[in-house]
Amino acid sequence: MTPVLNVSNLTTRFKSRERNKWITAVDDVSIQIGAGEIVGLVGESGCGKSSLGRTIVGLERQQQGHVVLDGTDLASLSGRALRERRRAIQYIFQDPYASLSEWQTVGETLTESFVIAQKVSPDQYDARATRLLDQVGLPTQMKDRFPRELSGGQRQRVAIARALAVEPSVLICDEPVSALDLSIRAQVMNLFLDLRRDLGLGILFIAHDLALVRQAATRVNVMYLGRIVEEGTSEQVHRHARHPYTRALLASVPQADPRIAARKGFVTLAGEIPSPVNPPSGCRFHTRCPLVQDICTRVPPPVQGEGGHRFACHFRFADEVLDQIHQGYVHAG
Amino acid sequence: MKRILFSIGEAIGRFPKSALIGVGLVFLLGIVGPWIVPYDPSAQDLTARLTGPSAEHWLGTDHIGRDLLSRLVAAARTTVIAMTIVVTCKLVIGVTLGTFAGFAGGRVDEVIMRFVEVFMALPSLIIALAVIGILGTGYWNMVLALVLAFWSGSTRVARGVAIGVLNRPHMEALRVLGASPLRIYFRHLLPATLGMVLVYVSADAGAVALAIATLSFLGLGIQPPTPEWGQMLVDALPYLDSNPWLVILPGLALTGVVISFNLMGEAIALNRIPVELRGKPLKRSHLIAATWQTQTADDAEKNVKA
Amino acid sequence: MTTQNVVEVSDLSVDLLTKGGALRPVDRVSFAVGRGETLAVVGESGSGKTVMNFAPLGLMPVGVAVQISGSFRIGGVEIAGMAENRLRHIRGRSVGVIFQDPMSALNPLRRIGRQIAEVAERQRGLTTMQAERQAEDLLALVGMSDPAQRMKQYPHELSGGLRQRAMIASAIAGEPPLLIADEPTTALDVTIQAQILALLQSLQKKLNMGIVLITHDMGVVASMAHRVAVMYAGRIVEFGDVADVLVTPRHPYTLGLVNAIPREEDLSGSPFRGIPGLPPTMGAPVEACAFAPRCDVVMPVCRTRRPPLQALPQSSVLVACPVGIAQAGQRP
């Protein structure tokens, strides 16, 4: 299957506010998304997962690499042509309150999308808007409402409808449900599952909630300090993670079952994610890795693995060793 | 348009009443003044010079027998018109340049803002005096001088607001939708910025009013015979000892306008700090909550019986 | 056990009086927390879980008038309706407070060390020297490396996790017997969350504090709390030992929340479980079960009368649902 979106060797740098130093937020990252596939991207805040998504849709400028959409390298386009082509990738923001114009009704918001994309003739606007609202599970009356009259979940649905109005083939969702209430999250998550199935959308799902990503995504990428440290199917990454960071991340999620939680205690990964201004030498995770060895501090790790399950580590630790991270026996000094 | 009106309406709702009354009164007098004044403000009556308050002349007359009340009201009109022209000009310049700088970013932004900083660094009155010094006195020269003296502040505010608006996810969503820069600028950035900047800029209309009076006091602004408060002050100065009200009344009028606008400005600066609930709204809410108390008492009884 | 309670709340209602009218975010709740015990208060936004704990302490935004009825006792002292100047002594001395956003609680213009020392000075009458030393000890206690150096730093120089540690240090500087933590880890990454939760647990053991932990994360509840109060629309709908409530939820809302958590056995791509309908909005108290519109086992009585919170036989659990109680009776 050729992926609908093929991102290769993408690098994004920012100038940091302090002392004009360059920060490499995304460092030589490659990622593929197939049609009808949900790809998860997880990592701690500051790991560059949002920057990667924003670079793909052009909200940040890429320094190197290629974003190839349906066979077209977006770097070869510019101006109007680029805008029209890149429109096929849409972005769903975390904050459903700030991502809608407070001055436009839901109907006006959708109409503006139609006007921008010019794929629908004006006499079809109303019927199309009704269809879109129905598709995201909102009643037609919502057309005349302003965002301030809607709940968080409803706003997020409107944001999704606005993105769908330009008929995209890829959605990039940046923490789309973390601002929503627990009981509402499932409703919006199921909407994404439906859209993928009904419209064949490729979805890049950026989140810090591993459990959510595991259930939603078919493939999962784990990011640390601008690099992807492990990728594989949801099953491979969650049950057979090979990278110590993935293991530690999984183990840190508190279990909702008190019978398990009481036994497990807190598994802590010492320290915090280092500043991307001065990333650690060698393996970037070596400052926090419970299994760190001498070579990790000096040499960047190779990418190894097979069958679509790849990870960036010098070693291939046995399951028993990695399981210790899960059980909290190993603590970094 | 509705969004501009809405943000203005929202801002006005938060202003202290005293500021609203002061500003409202000045504008009202400025607009309907000519129709309600008892005398022609320029009509001289040398037989009735420097009379004190009387039934014919409520506030008395000045040194050449002009009706003081009529002159005060007419001067309000002069101030309101000149102030509105200056404020409108600096708003247009500020919003255009400011949003453009914020939208374009990079070099363009840097060049515009450096230029703004040069003007910010110079005291506004000095700029105004320099412009009049070069061009000479006259109504439109004064307006130009004041616009040049005041445009930089509103440009800076507009740029700040524009950058804030541009960074909102809503604007980013438009970029992702592939909206053209022209659409983003004219349909979204400009209206959103204009509404917010308008409120900020009108708040220092007080400073403009004061500058008009100052220039007129120095003989560089509004020229006689047009009545103007600053000019009335100069005219009245020789009679300070014998007829102090001739000085005090225009002074009070000017002070009132400046204070009203400053109060408004303060309310805008502080509008993020909510005010404590008091008076009638509090009582009304108390009454609503009180009905719940009796309800719950009934309910408790019901529960006991059940 | 009752004499050991650090906080006892009974029949507490909070009305917020605003320009637009009155709201009742907390409607007749009762609970107690003992020394060394953690009570988790779970609920969604607008459930009243934060107002319930903060309104009696006088920690409400300016612009809303608060009217409290019922009782909120900390260490036997009634603080419901207490004047602000006396509440100031309660906060910090009798109860420490941790907020979700440490930046809002720390003064950005003052050094970390000074801020913590100040609490110790004010609440425990220490001299400046003693308080500074105390602050340094506290920073070490909350797991900060190089506390002497950290003392001199400003809040913005610290990462989110370290700021949260600094706030915990200032919250426990007055050695309060009770700690109220409002979503202390929501803004943090999972690895940092684990560190902070572990810290709170070890501090609780050392200082024998009672903790009220306000959260929406069932994982945090299960790993931290002894007991849990589930709130919906300003009312406690289920209350009891965590091991009972999370394993066999009786209230349909609790059941929905527990079911909504993705499980290990859920396949990739399988639909998510949630609760249908919309979350409640704050307003006047309703004479019915607030959850009735979203409930799939709703009975006619639920729509006309507020179900009382009743104890289940031979269980630690109280539940406000006639269906939940009937089911518990069938399964002894």
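Reminder, nothing fancy here: chain letters follow the sequence lines and each chain counts from 1.
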Do [X] and [Y] have side chains that get closer than 4.5 Å, going by heavy atoms?
X        : Y        : answer
A/Ser99  : B/Met171 : no
A/Arg83  : B/Ser180 : yes
B/His170 : A/Glu102 : no
A/Arg54  : B/Glu172 : yes
A/Ile116 : B/Leu174 : yes

Point to revise | Sequence neighbours excluded, every pair satisfying side-chain hydrogen bond (donor to acceptor under 3.5 Å, both in side chains) that has a member inside residues 94-103 of chain B | key: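 Passing the test, one end in residues 94-103 of chain B: B/Thr99-B/Tyr185.
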
Practice item. Give, as side chain, backbone, both or neither, the part of A/Leu59 having an atom under 4.5 angstrom from any heavy atom of chain B. Key: both

Practice item. Against chain B, label A/Ala98 side chain, backbone, both or neither, depending on which of its atoms sit under 4.5 Å from a heavy atom there. Key: both

Practice item. Using a cut-off of 6.0 Å, state whether more than 12 heavy atoms not belonging to B/Arg156 lie near its atom CZ. Key: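 At most 12 heavy atoms, drawn from other residues, nucleotides or ligands, come within 6.0 Å of this atom.
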
Practice item. For atom CZ of B/Phe100, decide whether the heavy atoms of other residues, nucleotides or ligands shown that lie under 6.0 angstrom number more than 12. Key: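 Incorrect, the count does not exceed 12.
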
Exercise for review: Indicate the atoms forming the closest heavy-atom contact of A/Gly58 with B/Arg175, along with that distance.
Suggested key: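 Taking A/Gly58 first and B/Arg175 second, the nearest heavy atoms are O-NH2, 3.8 Å.
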
Review point. Taking only heavy atoms into account, what residues of residues 86-94 of chain A are found under 4.5 Å from chain B?
Key: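 Heavy-atom contacts from residues 86-94 of chain A to chain B are A/Arg87, A/Ile89, A/Gln90, A/Tyr91, A/Phe93.
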
